[in-house]
Structures are given as structure tokens and as C-alpha cells.
Amino acid sequence: MSGTDSCGEVIRKNFKYCPLQGQKNIRLVEITFETAKVLTRYHVLLPQHDKSRGDVSPCRKFNLIEASLDEPESVPVYTALSYAWGDRTDNVIIEIDSHPLGISRNLADALDNVIEKVVETSQYLWVDQISINQQDQAERSSQVRYMSYIYEKSASVCVWLGNTFQDHTIAIDILSAWKSYVGGIERPSRGPFRFILNQVSGDQEALAKVISIISSDREWNAINKLSQSLWWERAWVVQEATGPAPTYCMCGRAWIPFPDLIGSLMLARLVSQMPAYFFKSVKTRRAYCMLMMADLRAHRELRLLDALQFLRTFSCTDPRDKVYAILGLVDKNEDIIVPDYSNPLSQVYTDVVRYCIAVYPPLHRLNFLAYVSGSSESTAVATWPSFVPNWNGFSDFDIFKKSKQEYKIDDRLYSASLDSTSNISLEGSTLTVDAFEVDTVSEIESLCPSENDVDAALKAWKPKDPNSPYRSGGTNHEAYLHTLVGDVLRTPNFGLVRGAYFQNELLKRDSVENFTADEIQSAHHMRVSLACNIVYRRFFRTKTGFMGIGPASMQVGDKVFGFLGGQMLYIVRCRLSDSESLHPSLDNTFVGECYVEGLMDGQGVCYSAQGSILSRRLSLL
């Protein structure tokens with residue numbers, strides 16, 4: 001039954017947990033025989049209780065038991081529940097060990113609906129809202145360290161998508177009918193859309209069958225509502241649903257295996273792009289991110305920075321969870337980042353920098369600098385060190401890629417400081433690197449704020465003297481075309497190649513009939529490469545005549561630096577005059593990475609008489 005907001009909060013806070021007896025101990029929710037009998041026999045025909053008396057439905061009575069992860073053979077078989085908390089002020093009272101406990105209404109609805117399915121394999125549940133004392137900050141911090149292990153070692157993971165909309169069974173039925181078209185793929189992230197295109201859109205008969213399954217707007221709307229469930233928004237669900245344990249999703253009493261759901265939503269995205277369904281949008285961005293992360297995780301290829309970037313599109317109540325929610329997914333943690341909810345957010349995000357310096361290979365230890373936005377949102381964290389990325393929120397831009405295969409850290413694309421390595425130190429809020437000054441920004445052009453503004457940016461940025469010789473060879477026009485795509489073209493299967501330039505003619509033909517199949521694919525990758533490189537960035541020129549692409553907040557007078565051990569060039573705002581620039585400064589601000597045409601393969605490096613790279617210590621605040 002539902003109490004008043006204040007009553008539910010009081011009951012939640014006053015519930016007395018027995019302290020856990022070991023650091024790696026967990027609590028499991030035991031489904032009582034009475035509860036299981038009512039739920040499985042009567043299908044949750046809940047009686048209407050007198051709200052003023054605060055009594056509890058007979059199917060919401062549970063017990064708590066304690067188990068040790070250090071003794072896995074003694075841990076009973078359990079199911080881990082993945083769900084969205086929902087409105088935290090809308091509470092429902094359940095009974096734990098004969099004592100009332102307030103939980104969110106969405107969790108109560110989940111328990112009412114999933115237990116009949118759960119008891120097919122286990123009598124126990126792990127549910128964070130009940131299994132963790134949410135009022136104990138130290139316990140929360142400790143339990144978060146083992147969240148990934150808890151889900152990985154469960155007999156199964158049950159995802160509760162809710163039952164807040166009508167026709168959820170229709171959506172599940174349609175997606176289940178589609179699953180035969182997307183099953184049996186070993187490595188979906190190596191081209192899930194391409195796989196579906198090959199298997200379905202290339203087979204007109206199969207495509208006709210897929211489309212025929214949806215016969216009304218009501219059915220399409222049901223799929224769309226399912227894809228908008230609050231569950232998809234939570235940062236924690238990535239860790240919970242992408243592990244090795246068998247995972248299934250439930251809407252009401254209807255269920256579907258999680259891999260089938262993800263694959264079918266990808267297929268729904270494909271169908272929505274057909275002319276007849278063009279305006280039937282399906283929100284699949286988060287489903288796609290989960291598909292990618294599940295594959296990278298399964299093959300032990302998921303790295304911290306990639307995971308954090310994926311997680312930008314998800315949300316969480318506590319922004320520290322943007323980091324804590326993916327620690328269990330990353331192969332190496334080394335206890336550098338230890339969950340502690342008493343730490344300020346800036347320290348948690350600075351620990352990410354510390355992790356990269358300690359764990360990443362020498363030529364990739366500065367990769368974290370790629371994620372510093374340099375946009376206006378940084379004013380909200382003006383007191384943070386300038387080199388620390390803010391992971392709380394969606395990024396306005398795509399990062400400059402560093403490897404010839406995305407999500408890998410080998411085969412470098414750029415080598416602006418050659419194969420040099422740096423003595424990188426992080427002391428408090430100061431990052432110190434070995435650096436060499438390359439040039440000074442003399443002109444900047446207007447910002448390209450979105451993909452819709454790409455064409456306007458191309459016109460505004462065009463060199464006024466296109467046929468004049470460029471600083472490193474060729475003409476200004478040729479250098480401009482290479483700069484627009486960062487000399488890189490994206491290819492199928494997440495590959496990237498150097499030596500590319502923007503071919504505008506591919507995007508300016510009168511109709512699609514004038515393209516060959518290969519040209520259609522090339523035009524797509526050209527457009528993607530262009531947008532990834534220039535959206536939310538500026539075109540700039542340097543004093544010595546180079547052109548490049550840099551961060552949104554760069555200014556005339558900013559310095560272009562190379563950092564030993566870094567692949568890119570970097571924009572730094574120095575507060576010293578030119579005459580003082582040979583000396584270390586404690587007032588330098590990191591602005592962002594940049595691409596400079598003709599300087600990305602070590603051309604800006606100078607050597608001493610002894611053959612070592614001339615550099616100095618540069619401190620960034």
C-alpha cells in the first residue's frame with residue numbers, strides 16, 4: 001500500500017539494518033513461501049488495503065539473509081534485479097523480517113510482477129534498494145565496489161521495464177517475432193547495422209515479412225513507448241545488463257531475452273528509416289551503446305575512457321556514479337578509483353586522470369585530454385583543474401580518434417610528438433608534462449555548433465587565397481580539405497585511415513541515382529568524418545601560416561603545444577608574456593586538443609645538439 005510521502009520516507013530511514021559482518025558480504029531478499037504462493041497462484045490480484053492503517057499486502061512480505069562473496073559455494077542461487085527507482089517520493093510499504101520498509105512504487109510494481117518468473121530458478125533476489133542500507137554512506141561506497149560481481153555471479157538478471165503504458169505485451173510480441181532475424185551473431189559491435197542490412201534489407205522477402213508484422217500505428221507506438229522506458233536512462237543498467245549472466249526483460253508479465261530485445265530494437269531502427277515509417281521514430285541510442293559495451297566487455301576490450309564516453313548519454317542521480325557505475329566493466333582498476341561517496345565530484349573525476357596516467361600504455365596516457373570539452377558548460381566547473389573532463393552530461397563534440405581501429409589503443413593515427421614519452425606528474429590539482437611550443441593562434445573562425453550548421457561552416461571557413469602555397473606543401477585549398485576531416489576517413493567496421501581529404505563533390509550530386517553503391521557508402525563515411533571533426537569546433541590559423549581545427553573556447557593568442565607522449569597537438573592559454581614563456585608557469589590553462597595540418601607527424605619537434613627533443617616542464621592548472 002502507498003503511504004504519504006513523509007510517512008514513506010520516515011519508514012525508510014527508520015528501518016534498522018543489521019550491519020554486514022564482512023567487507024564482501026551482501027544481503028539477499030528471500031521470497032517467502034506466502035509471497036510466492038500468492039503471486040504465482042493469483043497473479044497479483046492485490047486487495048485494496050486501508051491506507052490509513054499502513055497494512056501490507058500479503059504478497060509483499062520478504063526476509064533478508066546475509067551471504068559472503070568470499071565463500072561463493074555458500075551463496076544461494078539468486079536473481080539480480082535491474083530496474084529504475086522512479087519517483088523517490090512515491091513510496092510503497094513492504095515487510096522485511098516482519099518490519100515495514102518504504103520502497104519506491106516502481107520497485108513494488110516490479111516485485112509484484114517478476115516473482116512468478118524469478119521463482120522458476122531461485123528463491124532469492126538481490127535488489128539494491130533493499131539489499132543495501134541506503135542511509136549508510138560507508139556501506140553504499142563499499143557495496144558499489146562489488147556490484148559488477150554481484151550481477152555477474154547471479155543465476156540470472158531480470159530487467160524490469162515497467163508496466164506504465166498500455167500495449168506493452170503487443171510490443172514484446174512484435175519484438176519477439178523479429179528476433180529470428182537478428183539472432184546468432186557472435187560479435188554484434190563489429191557492425192550490427194551492417195549485419196541486419198545484410199540479413200534483412202538484402203533479402204526482400206525477409207524484409208517484407210519484418211514490415212508486415214507491424215500493421216497499425218498502435219503497434220508501432222507500443223514499440224516506441226517500450227524504447228522510452230525510464231530503465232534505459234539509468235547509468236547503472238549498463239553494468240547490470242551487459243554481463244555474462246543470462247538476462248531477460250519484463251514488461252508486466254511479458255518477457256523477452258535481453259539480446260533479442262536489443263537486436264530487435266536495432267531492427268526497429270532500420271524499419272523506421274523505410275519510407276512508409278519515416279516519421280515513426282524509435283529511441284535506440286542507448287540500446288546501441290549497450291550493444292557496443294556488451295561486446296567490448298565480453299572480449300575484454302572495454303577501456304575506462306571509452307566506457308565513460310558511452311555513459312554520457314545515460315543519467316544518474318549522483319554524478320559520481322558516472323564513474324562508479326562502470327568500474328566493474330573495466331579490466332584494470334588497480335584500486336586507483338575506490339568508490340567513496342564522501343569524496344567531492346572534482347576528486348572523483350580527477351581520479352580518472354590519475355587512473356589513465358597509471359594504467360594506460362605510455363603513448364596513450366594523455367588520451368584523457370581528448371574529453372575536455374572547452375565549451376561553455378565548463379563554467380559550471382570553473383574551480384576544477386582545466387585538464388579534468390566533466391563526465392556528467394552529454395558531450396557537444398566527438399573526440400579526435402587516436403587509433404586506426406576504434407576502441408583499440410594500437411596503430412596510432414597521429415604522432416605529433418613522435419615516439420617520445422613524458423614524465424607526467426599529477427600533484428593535487430596541477431598536471432605537469434614535458435612540452436614544446438609549436439605556434440600561436442592568430443585567427444579563429446566562427447563555431448560550427450551542430451551537424452545542421454556544417455554547410456554554413458564550410459562556406460565561412462573557406463580560404464580566401466585557395467591557390468596560394470601552403471606552409472607544408474601543396475595549396476591552401478588542398479590543406480583546407482585535409483584539415484576538415486583531420487586527414488582521416490572512417491571506414492566500415494570502425495576503421496580509420498590517414499591521407500584522406502574532404503570530397504565535397506560526393507555530397508553535391510543531384511540525386512541518389514547518380515551514385516554507385518560504393519559511392520553511396522563513401523559519401524556516408526565522408527559526411528560522418530566531416531561532422532565528427534568539425535562539429536562544436538573552430539577553424540583557426542597560426543602566426544606562421546598553418547591551419548587547423550580546435551576547441552570551441554579557443555582564443556586568438558592561445559599557444560599550440562606538443563606534449564611528449566601525446567599524439568595530438570594542444571591549445572594552452574598561457575598567462576605569461578612571450579619573453580617569459582621559456583620558464584615554467586603555474587598559471588596555464590588547458591583548453592583542448594587540436595589538429596594542425598602538416599604538423600601531426602612530428603614536424604613541429606625540434607632537437608638539441610645531443611639529439612634529444614627540446615622541451616620544458618609545463619604545469620597546467
Side-chain angles (χ1 to χ4, degrees), residues 303-309 323 330-338 346-374 384-391 399-403 408-410 412-438 551 558-574 576 581-594 599-600 602 604-608 612-621:
R303 293 177 175 83
L304 181 65
L305 293 177
D306 291 328
L308 288 168
Q309 184 72 350
V323 175
V330 180
D331 218 11
K332 294 181 179 178
N333 187 349
E334 309 290 346
D335 286 334
I336 297 168
I337 305 175
V338 178
S346 60
Q347 180 177 332
V348 176
Y349 289 1
T350 301
D351 283 343
V352 173
V353 173
R354 201 178 311 278
Y355 173 97
C356 293
I357 294 171
V359 174
Y360 271 57
L363 295 178
H364 294 272
R365 288 176 183 164
L366 293 173
N367 283 9
F368 64 89
L369 294 173
Y371 301 88
V372 175
S373 70
W384 291 14
S386 60
F387 54 85
V388 174
N390 179 14
W391 300 105
I399 66 167
F400 287 116
K401 303 304 181 185
K402 306 293 188 300
S403 303
K408 292 183 179 293
I409 51 175
D410 51 13
R412 291 176 298 152
L413 276 172
Y414 303 113
S415 53
S417 63
L418 301 176
D419 293 326
S420 62
T421 56
S422 178
N423 176 21
I424 306 168
S425 66
L426 176 58
E427 298 292 337
S429 60
T430 302
L431 178 73
T432 304
V433 298
D434 295 315
F436 55 94
E437 188 174 326
V438 175
D558 287 344
K559 301 292 185 180
V560 181
F561 274 93
F563 297 163
L564 301 195
Q567 299 178 47
M568 303 299 297
L569 293 174
Y570 307 94
I571 301 295
V572 177
R573 190 157 300 143
C574 300
L576 299 179
S581 63
L582 292 178
H583 302 286
S585 166
L586 291 178
D587 197 18
N588 298 317
T589 301
F590 181 78
V591 180
E593 287 187 336
C594 68
L599 292 177
M600 300 308 295
V605 170
C606 294
Y607 292 92
S608 67
S612 60
I613 295 178
L614 290 173
S615 66
R616 65 178 177 90
R617 298 294 281 170
L618 181 73
S619 295
L620 303 170
L621 289 181

May I ask you to test the [X]-[Y] pair for a side-chain heavy-atom distance under 4.5 Å?
X: Leu431; Y: Pro385; value: no
X: Ile357; Y: Ser425; value: no
X: Asn367; Y: Gln567; value: yes
X: Phe368; Y: Leu305; value: yes
X: Tyr607; Y: Ile613; value: yes
X: Trp391; Y: Tyr371; value: yes
X: Thr350; Y: Trp384; value: no

Just verifying a value: how many Å separate [X] [atom1] and [Y] [atom2], rounded to the nearest 0.5 Å?
X: Leu413; Y: Lys401; atom1: CG; atom2: NZ; answer: 10.5 Å
X: Phe561; Y: Leu618; atom1: CZ; atom2: CG; answer: 5.0 Å
X: Leu418; Y: Leu363; atom1: CG; atom2: CG; answer: 10.5 Å
X: Arg354; Y: Gln347; atom1: CZ; atom2: CD; answer: 8.0 Å
X: Thr589; Y: Ile571; atom1: OG1; atom2: CD1; answer: 13.0 Å
X: Cys606; Y: Glu437; atom1: SG; atom2: CD; answer: 11.0 Å

Do you know the tightest heavy-atom contact between [X] and [Y]?
X: Ile424; Y: Arg365; answer: CD1-CB, 4.0 Å
X: Ala435; Y: Phe563; answer: CB-CD2, 3.7 Å
X: Leu569; Y: Gly562; answer: CD2-CA, 3.8 Å
X: Cys574; Y: Lys559; answer: SG-CG, 3.8 Å
X: Ser429; Y: Phe387; answer: O-CE2, 3.5 Å
X: Lys402; Y: Met568; answer: CE-CG, 3.5 Å

Between Asn390 and Tyr349, does the side chain to side chain contact (heavy atoms under 4.5 Å, CB included) criterion hold? Intermediate values first, please. CA-CA 7 Å; Asn390 179 14; Tyr349 289 1; 3.4 Å; yes
Backbone N/O of [Y] and side chain of [X]: donor-acceptor pair under 3.5 Å:
X: Arg412; Y: His364; result: no
X: Asn588; Y: Ser619; result: yes
X: Ser386; Y: Leu621; result: yes

Please determine if Asp434 and Arg616 form a salt bridge, counting it only when a charged side-chain N lies under 4.0 Å from a carboxylate O. no
Residues Val359, Leu304; criterion side chain to side chain contact (heavy atoms under 4.5 Å, CB included); working and verdict: CA-CA 10 Å; Val359 174; Leu304 181 65; over 6 Å; no
Decide yes or no on side chain to side chain contact (heavy atoms under 4.5 Å, CB included) for Leu366 and Tyr360, but give the supporting numbers first. CA-CA 9 Å; Leu366 293 173; Tyr360 271 57; over 6 Å; no
